[in-house]
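Residue numbers run from 1 in the order of the sequence given. Each ligand, and each atom within it, is numbered from 1 in the order the structure gives.
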Amino acid sequence: MFELPELPFAKDAFGAWTSAETFDFHHGKHHAGYVQKLNAAVLGNEFEGRSLDEVIAGSRDRNPKVFNLAAQHFNHSFFWSCLSPESQTPSGEFVSLIDRDFGSFEQFRNQFTDVAATHFGSGWAWLVRSAEGILVAKGFHDAQTPAQTEETPLLTLDVWEHAYYIDHRNDRGAFIEGFWNHVNWRFVERQVK
Ligand code: MN
């Protein structure tokens, strides 16, 4: 059985950026719902008893219902880990990778912000490391995920409306702007193996 992970922070730790009410819905209703429906969807078939990685890899091209639920469970769990109540500074080692592939940290931030701001409809902005080892900012639609692909997931921002509508209404830009003060760079850096 898959389980909803606890949030790795207090729900009221982010002030006006993302309220406890948003976490109540986003984690307690949306993410919890994906987990509950995933458990029901794998009962009695080839996916029962498999790890989340195995379910994502095995369902991607063959079972959209199972894939969407499994991928959303992965994406949300990863997203919570990317968040820090306190503002953090990325390490020099990580910034040098960003500089190498984006030219500067500011250009990386602008590109990721642009991906998140211009993504049409529901989805996710991701920083991934490509199979060739290059860091890339790119959007993924709906439940699509870099998990179990040749790309290594490093950082994500949920840009589904449920992520920001309670606190920012239609102002996705304000949600993205505040995100930069709440990135858990220590977690992101651990993903670069
Ligand atoms: Mn979400």
Between K11 and D24, is there a salt bridge with N-O shorter than 4.0 Å?
yes
With sequence neighbours left out, the residues meeting ring-ring contact (aromatic ring centres under 6.0 Å, His included) with F74 are F78
Are F25 and L83 connected in a single hydrophobic cluster, I mean Ile/Leu/Val/Met/Phe/Trp/Tyr linked by side-chain heavy atoms less than 4.5 Å apart?
no
Starting from I166, can I reach I176 by hopping between I/L/V/M/F/W/Y residues whose side chains sit under 4.5 Å apart?
no
Do E150 and R129 meet the salt-bridge criterion of a basic N to acidic O distance under 4.0 Å?
no
Tell me the protein N, O or S atoms under 2.8 Å from the Mn ion (ligand 1), in chain and number order.
H26 NE2, H76 NE2, D158 OD2, H162 NE2
Is a side-chain donor or acceptor of H168 paired with a backbone partner of W17 at a separation under 3.5 angstrom?
yes
